[in-house]
Trainee: 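Structure incoming, see below.
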Amino acid sequence: MACAGGLALGAPFRRLEAASAQAGAQAADILKLRDNLFVIRIPGEANVIVQAGAGGALLVDGGSTAASATLMNAVSGLPGGGPVHTIFNTHWHPEQTGSNEVLGKAGRKIIAHENTRLWLATDVIWPWNGRRFKRVAKIAQPNKTFYKTDQLDAGVRYGYIPDAAHTDGDMYVHFAAQNVLAVGDAVSGEGWPVVDYATGGWIGGIVGALQRLQTIADADTQIVPGRGPVLRLSDLKAQSDMYGTIYDRLTQLLNKGRGPGEAVAANPTKEFDARMGNPDEFVRRAFESLWGYLSPDA
């Protein structure tokens with residue numbers, strides 16, 4: 001579903017080999033979008049968007065800590081590439097914030113929504129699997145935060161996605177001149193998304209974010225999700241319909257007093273599974289995410 005009209009990240013602009021201290025040798029696939037905008041994809045990592053220019057490079061997300069060295073090497077090899085001067089964190093997850101510390105120590109600008117800074121400044125535990133995330137060092141926390149919308153002098157616009165699709169700190173970055181929209185994991189580019197309800201995400205927020213982002217994009221916009229291929233407006237519309245259907249079904253089950261296991265057994269995603277994969281984990285987390293928004297006393 002998410003890739004129905006997407007642009008595959010194959011046929012890369014170039015491939016760079018580099019060594020990562022923790023991950024060993026990795027290959028960075030680089031796709032040129034428009035003008036001086038690129039997508040860097042390292043196997044197993046989230047997408048990173050790079051705007052290269054005379055003043056250096058701007059990043060949207062920074063991969064994991066293990067892949068940071070590979071990423072920086074790939075950025076430096078881009079046409080017009082130079083030292084990174086700014087990085088956006090589309091949310092707090094370590095897959096997006098792994099370059100914060102090295103860039104923070106270099107005095108670079110780290111921009112994120114204030115909620116993202118708050119999550120990075122505290123310890124987080126996921127209740128469904130017990131995974132623990134330790135707060136990051138002060139130097140690795142965003143040093144410029146915002147609440148609604150803002151823009152850089154270069155005309156790059158960015159804004160909060162208040163629907164809480166993935167977390168309650170989701171943001172987008174809009175390169176208006178090139179008609180490219182970076183959306184992080186607020187939109188799933190491959191398979192079922194992670195519904196991080198521990199830090200505010202929920203199934204209703206997925207629907208709301210998809211509807212909101214459609215008001216920013218047009219038919220020619222290249223939409224870069226946190227993972228997977230570049231998408232189009234038609235993909236957002238298709239996903240909005242799909243998740244809207246699932247949201248309605250899960251809400252009905254909640255209102256009937258059903259639990260997460262019963263929601264999985266009801267197979268509320270049945271017509272989408274052939275394209276999206278096994279839905280059990282997604283359905284369970286999506287159902288549990290309703291508790292905080294629709295049944296806060298549950």
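This is a predicted model, so every value here is computed, not measured. Along the sequence shown, residues carry numbers from 1. Keep in mind that the numbers below use all heavy atoms, side chains included, and drop hydrogens, waters and symmetry copies.
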Trainee: Which atoms form the tightest heavy-atom contact between A46 and R227, and what is the distance?
Mentor: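 Closest approach of A46 to R227: N-NH1, 3.6 Å.
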Trainee: Tell me which one of Y293, W202, W128 satisfies ring pair (Phe, Tyr, Trp, His ring centres under 6.0 Å) with Y197.
Mentor: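 Result for ring pair (Phe, Tyr, Trp, His ring centres under 6.0 Å) with Y197: W128.
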Trainee: If two hydrophobic side chains count as joined below 4.5 Å and joins carry through other members, does L118 share a cluster with I139?
Mentor: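 Looking at the clustering, I139 is in a separate group from L118.
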Trainee: Working note: L253 + E262, criterion side chain to side chain contact (heavy atoms under 4.5 Å, CB included); need CA distance, chi angles, decisive distance, verdict.
Mentor: CA-CA 8 Å; L253 290 167; E262 292 169 303; over 6 Å; no
Trainee: Would you check, one step at a time, whether the test side-chain hydrogen bond (donor to acceptor under 3.5 Å, both in side chains) holds for Q51 with D35?
Mentor: CA-CA 9 Å; Q51 183 185 54; D35 301 331; over 6 Å; no
Trainee: Kindly determine whether W119 and F133 satisfy ring pair (Phe, Tyr, Trp, His ring centres under 6.0 Å), including the steps that lead there.
Mentor: CA-CA 10 Å; W119 287 122; F133 303 87; over 10 Å; no
Trainee: Does the side-chain hydrogen bond (donor to acceptor under 3.5 Å, both in side chains) test come out yes or no for T167 and D170, once each step is laid out?
Mentor: CA-CA 6 Å; T167 73; D170 298 336; 3.0 Å; yes
Trainee: Nearest 0.5 Å please: distance from the OG1 atom of T251 over to the CD1 atom of I246.
Mentor: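 The CD1 atom of I246 is 11.5 Å from OG1 of T251, to the nearest 0.5 Å.
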Trainee: What is the distance from atom CG of L181 to atom CG of L213, rounded to the nearest 0.5 Å?
Mentor: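 Result: 6.0 Å between the selected atoms.
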Trainee: For the residue pair T221 / D218, report whether a side-chain donor-acceptor contact shorter than 3.5 Å exists.
Mentor: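 T221 and D218 do have a side-chain donor-acceptor pair below 3.5 Å.
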Trainee: Run the ring-centre check on F146 versus H113 and record whether the distance is less than 6.0 Å.
Mentor: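 They qualify: ring centres under 6.0 Å apart.
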Trainee: If you compare all heavy atoms of L120 against all heavy atoms of W92, which two are closest, and at what distance to 0.1 Å?
Mentor: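 The answer is CD2-O, 3.4 Å.
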Trainee: Please determine whether the number of non-hydrogen atoms from other residues, nucleotides or ligands lying under 6.0 Å from atom NZ of K270 exceeds 12.
Mentor: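 More than 12 within 6.0 Å, yes.
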Trainee: Do K144 and T86 have side-chain heavy atoms sitting under 4.5 Å apart?
Mentor: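 No, too far: nothing below the 4.5 Å cut-off.
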Trainee: Is the backbone of V207 close enough, under 3.5 Å, to the side chain of D163 for a donor and an acceptor to pair up by distance?
Mentor: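 Not a single qualifying donor-acceptor pair exists.
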Trainee: Show, in sequence, the C-alpha distance, side-chain angles and deciding distance for T90 and D185, and conclude whether the side chain to side chain contact (heavy atoms under 4.5 Å, CB included) test is met.
Mentor: CA-CA 8 Å; T90 58; D185 283 331; over 6 Å; no
Trainee: Quick check: closest heavy atoms across P268 and V283, and the distance to 0.1 Å?
Mentor: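 In this case the closest contact between P268 and V283 is CG-CG1, 3.9 Å.
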Trainee: Can you tell me if R108 uses its side chain to pair, donor with acceptor, with the backbone of V84 under 3.5 Å?
Mentor: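 Checking the backbone N and O of V84 against the side chain of R108, a donor-acceptor pair under 3.5 Å is found.
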Trainee: More than 12 heavy atoms of other residues, nucleotides or ligands under 6.0 Å from CZ of R249: is that the case?
Mentor: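 Yes - once you tally the heavy atoms of other residues, nucleotides and ligands closer than 6.0 Å, there are more than 12.
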Trainee: So how far is it from R258 CZ to Q252 CD, rounded to the nearest 0.5 Å?
Mentor: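 Taking CZ in R258 and CD in Q252, the distance rounds to 11.5 Å.
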Trainee: Can you see which heavy atom on L250 is nearest to which on A263, and at what distance?
Mentor: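 Here L250 and A263 meet closest at CD2-CB, 4.1 Å.
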Trainee: Test N89 against every option in T97, N100, T116 by the side chain to side chain donor-acceptor pair (under 3.5 Å) rule and name the one that passes.
Mentor: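 The passing option is N100.
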Trainee: Would you confirm whether T269, through its side chain, and F272, through its main-chain N or O, come within 3.5 Å as a donor-acceptor pair?
Mentor: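 The answer is no, because no donor-acceptor pair under 3.5 Å joins these two groups.
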Trainee: Apply side chain to side chain contact (heavy atoms under 4.5 Å, CB included) to the pair L59 and L71, showing each step before the final yes or no.
Mentor: CA-CA 10 Å; L59 306 185; L71 172 64; 4.3 Å; yes
Trainee: Are L254 and Y243 connected in a single hydrophobic cluster, I mean Ile/Leu/Val/Met/Phe/Trp/Tyr linked by side-chain heavy atoms less than 4.5 Å apart?
Mentor: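 Same cluster.
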Trainee: Rounded to the nearest 0.5 Å, what's the gap from CZ on R34 to CG on D220? Could you check?
Mentor: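 CG of D220 is found 6.5 Å from CZ of R34.
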Trainee: Can E101 and K105 be counted as an ion pair, charged N to O under 4.0 angstrom?
Mentor: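 Answer for the salt bridge query: yes.
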Trainee: Are V194 and F287 connected, step by step, through hydrophobic side chains (Ile, Leu, Val, Met, Phe, Trp, Tyr) whose heavy atoms are closer than 4.5 Å?
Mentor: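 No; F287 is not reachable from V194 via cluster members.
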Trainee: Hey, does the side chain of D235 reach the backbone of R232 with a donor-acceptor pair shorter than 3.5 angstrom?
Mentor: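 Yes, because the side chain of D235 sits within donor-acceptor range (under 3.5 Å) of the backbone of R232.
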Trainee: Shortest non-hydrogen contact from V102 to S68?
Mentor: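 Of all heavy-atom pairs spanning V102 and S68, the closest is CG1-OG, 3.9 Å.
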Trainee: S240 side chain to L236 main-chain N or O, any donor-acceptor pair under 3.5 Å?
Mentor: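 No: the side chain of S240 does not pair with the backbone of L236.
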Trainee: Can we say E281 and R284 salt-bridge, meaning some charged N sits less than 4.0 Å from an Asp/Glu carboxylate O?
Mentor: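 A salt bridge is absent here (no side-chain N lies under 4.0 Å from a carboxylate O).
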Trainee: A side-chain contact here means heavy atoms from C-beta on lying under 4.5 Å apart; do L152 and L58 qualify?
Mentor: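 A side-chain contact exists here, since the closest heavy-atom pair is under 4.5 Å.
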Trainee: Work out which heavy atom in P229 is nearest to a heavy atom in G189; give both atom names and the distance.
Mentor: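 For P229 and G189, the tightest heavy-atom pair comes out as CD-O, 3.4 Å.
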Trainee: Checking side-chain hydrogen bond (donor to acceptor under 3.5 Å, both in side chains) for the pair D196/H91: CA distance, chi angles, key distance, verdict?
Mentor: CA-CA 11 Å; D196 184 0; H91 58 289; over 6 Å; no
Trainee: Kindly compute the distance separating CG (D61) from CD1 (I40), expressed to the nearest 0.5 Å.
Mentor: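 One gets 12.0 Å once the value is rounded to the nearest 0.5 Å.
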Trainee: Is the shortest side-chain heavy-atom distance between N179 and Q222 below 4.5 Å?
Mentor: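 The answer is no, as the side chains (C-beta and beyond) never meet within the 4.5 Å cut-off.
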Trainee: Using atom types as modelled and distance alone, determine if a side-chain donor or acceptor of D29 lies under 3.5 Å from a backbone N or O of R41.
Mentor: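 Such a contact is absent between D29 side chain and R41 backbone.
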Trainee: Going by heavy atoms in the side chains, are I49 and V173 under 4.5 Å from each other?
Mentor: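 No, their side chains stay 4.5 Å or more apart.
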Trainee: Can you tell me how far apart CD (E190) and CE (M276) are? Round to the nearest 0.5 Å.
Mentor: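 CE of M276 is found 10.0 Å from CD of E190.
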Trainee: Give a yes or no answer on whether the side chain of R131 reaches the backbone of N129 with a donor-acceptor pair at less than 3.5 Å.
Mentor: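 Checking the backbone N and O of N129 against the side chain of R131, no donor-acceptor pair under 3.5 Å is found.
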Trainee: Is a side-chain N or O of W192 found less than 3.5 angstrom from the main chain of G277, in a donor-acceptor match?
Mentor: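 Side chain of W192 to backbone of G277: a pair is present.
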Trainee: Is there a path of hydrophobic side-chain contacts, each under 4.5 Å between heavy atoms of I/L/V/M/F/W/Y residues, joining Y247 to W291?
Mentor: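 Linked within one cluster.
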Trainee: Using the side chain to side chain contact (heavy atoms under 4.5 Å, CB included) rule, take Q141 and V136 through it: C-alpha gap first, then chi angles, then the decisive distance, then the call.
Mentor: CA-CA 7 Å; Q141 296 173 21; V136 302; 3.6 Å; yes
Trainee: Does Y160 reach the main-chain N or O of D168 with its side chain, forming a donor-acceptor pair under 3.5 Å?
Mentor: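 At least one qualifying donor-acceptor pair exists.
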Trainee: Is there a path of hydrophobic side-chain contacts, each under 4.5 Å between heavy atoms of I, L, V, M, F, W or Y residues, that connects I206 with I216?
Mentor: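 Yes, same cluster.
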